Visitor: 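Questions regarding the structure given below will be posed in turn.
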Amino acid sequence: MRKLIIIVGTVLSVLGVSLLSVAVPASSGGGDTDLSKFSNDELVSSAQAMVRKMESQLGDAFKLLEASVTAGDVGATTARNDAITKIKSLLKLSEENFVTLQGKIAVGERDDAEHEYVKIAIILEKVNELMSQVRAAGGIDVDIESAQVNSEVDYDGDFPLLADLAIAFLEPVDLVPDPPIHASPYF
């Protein structure tokens with residue numbers, strides 16, 4: 001039980017770190033970035049970089065899908081295939097938004113161009129989430145015998161008691177089931 005808790009904690013910490021590492025880059029306009037400070041060229045190049053990142057992630061997802069097909073892992077293949085389908089449609093949408101962004105910049109509609117940029121940034125965040133699903137679909141390699149795992153657990157022996165929780169654990173009543181009913185009256 002103790003090892004299971006350690007393994008689950010390690011896996012969750014690895015997932016937390018990996019999810020933080022795929023966050024939207026600072027140059028993508030996510031968060032508190034003021035898009036009005038970007039020049040038109042910076043806006044276009046940043047949006048183009050986001051679209052290229054999504055294309056690269058799609059390529060990586062296909063490599064992982066191929067690996068799961070080769071390994072014969074049906075569950076991972078299905079999960080990755082579903083995520084790849086979503087990534088492909090989001091990538092197509094982001095490419096359309098990028099073309100629209102370029103058109104809005106060309107005609108001088110800066111507010112509409114920024115709106116398209118934000119759409120691309122949101123799509124990038126969703127693609128990052130889907131890529132996390134693709135990576136995690138095959139499971140996470142955990143070496144139980146690794147020396148790098150901290151196996152010490154501090155426990156002071158006290159669990160918090162809740163008044164409502166103590167009532168919920170009553171002794172079960174012994175129920176005797178009825179004898180089965182036969183289908184034939186002549187049996």
Side-chain angles (χ1 to χ4, degrees), residues 4 7-143 146 148:
L4 178 65
I7 291 170
V8 169
T10 305
V11 169
L12 290 177
S13 66
V14 168
L15 278 177
V17 170
S18 67
L19 291 176
L20 290 174
S21 67
V22 294
V24 179
S27 64
S28 70
D32 296 330
T33 304
D34 185 13
L35 295 178
S36 63
K37 294 179 181 177
F38 283 30
S39 69
N40 288 343
D41 291 337
E42 290 173 337
L43 199 65
V44 170
S45 66
S46 180
Q48 186 175 23
M50 287 190 287
V51 172
R52 285 187 179 153
K53 180 178 180 184
M54 287 184 263
E55 290 170 348
S56 172
Q57 288 178 332
L58 181 61
D60 294 342
F62 276 121
K63 290 176 186 173
L64 291 170
L65 176 64
E66 183 181 350
S68 63
V69 168
T70 304
D73 189 353
V74 177
T77 301
T78 303
R80 287 177 175 160
N81 196 25
D82 290 344
I84 286 173
T85 302
K86 293 173 187 174
I87 291 171
K88 288 190 318 188
S89 62
L90 288 171
L91 179 59
K92 182 175 170 57
L93 182 62
S94 69
E95 289 170 346
E96 292 171 1
N97 289 340
F98 179 65
V99 170
T100 304
L101 180 140
Q102 289 176 319
K104 297 297 181 181
I105 293 282
V107 295
E109 297 177 1
R110 176 65 187 213
D111 290 339
D112 292 338
E114 289 178 4
H115 183 69
E116 295 300 321
Y117 182 87
V118 170
K119 287 182 191 178
I120 294 170
I122 292 170
I123 292 171
L124 176 62
E125 290 179 26
K126 184 61 181 173
V127 169
N128 286 336
E129 290 175 19
L130 290 168
M131 276 305 296
S132 294
Q133 291 176 9
V134 168
R135 287 185 193 104
I140 299 172
D141 294 332
V142 178
D143 184 10
S146 175
Q148 297 176 355

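All of these numbers come straight from a predicted model, not from anything done at the bench. For reference, positions follow the sequence shown, starting with 1.
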Visitor: Please report the C-alpha distance between K53 and V127 in whole Å, then the side-chain angles of each, then the deciding distance to 0.1 Å, and finally whether the side-chain contact (heavy atoms from CB on, under 4.5 Å) criterion is met.
Guide: CA-CA 10 Å; K53 180 178 180 184; V127 169; over 6 Å; no
Visitor: Does the pair L35 and V118 meet the rule for a side-chain contact (heavy atoms from CB on, under 4.5 Å), with working shown?
Guide: CA-CA 9 Å; L35 295 178; V118 170; 3.6 Å; yes
Visitor: Report the distance from atom CG of L101 to atom CG of N40, rounding to the nearest 0.5 Å.
Guide: 9.0 Å
Visitor: For I120 and M54: C-alpha separation, side-chain torsions, deciding distance, then whether side-chain contact (heavy atoms from CB on, under 4.5 Å) applies.
Guide: CA-CA 10 Å; I120 294 170; M54 287 184 263; 4.0 Å; yes
Visitor: Can you tell me how far NZ of K126 sits from OG of S89, rounded to the nearest 0.5 angstrom?
Guide: 10.5 Å
Visitor: Supply the atom-to-atom distance I123 CD1 to N128 CG, rounded to the nearest 0.5 angstrom.
Guide: 12.0 Å
Visitor: Checking Y117 against M50 for the side-chain contact (heavy atoms from CB on, under 4.5 Å) test, could you report, in this order, the C-alpha distance in whole Å, the side-chain angles of both residues, the deciding distance, and whether it holds?
Guide: CA-CA 10 Å; Y117 182 87; M50 287 190 287; 3.5 Å; yes
Visitor: Find the distance between CE (M131) and CD (E129) and round it off to the nearest 0.5 Å.
Guide: 13.0 Å
Visitor: How long is the gap from CD on Q102 to CG on L43, to the nearest 0.5 Å?
Guide: 10.5 Å
Visitor: Hey, does the side chain of S56 reach the backbone of R52 with a donor-acceptor pair shorter than 3.5 angstrom?
Guide: no
Visitor: Quick check: closest heavy atoms across A137 and A79, and the distance to 0.1 Å?
Guide: CB-CB, 3.9 Å
Visitor: Under 3.5 Å, which donor-acceptor pairs link side chains of residues 59-67 to any protein atom two or more places apart or in another chain?
Guide:
none

Visitor: In chain order, what residues pass the side chain to side chain contact (heavy atoms under 4.5 Å, CB included) check against K119, with sequence neighbours excluded?
Guide: N97, H115, E116
Visitor: Can you find a pair of side-chain heavy atoms, one from V51 and one from L91, that are under 4.5 Å apart?
Guide: yes
Visitor: Taking only residues at least two apart or on different chains, which pairs with a member in residues 75-102 satisfy salt bridge (charged side-chain N to carboxylate O under 4.0 Å, His left out)?
Guide: K92-E96
Visitor: When you measure from the side chain of S45 to the backbone N and O of D41, does any donor-acceptor pair fall under 3.5 Å?
Guide: yes
Visitor: For R110, give me all partners under salt bridge (Lys or Arg N to Asp or Glu O under 4.0 Å), at least two apart in sequence or on another chain.
Guide: E114
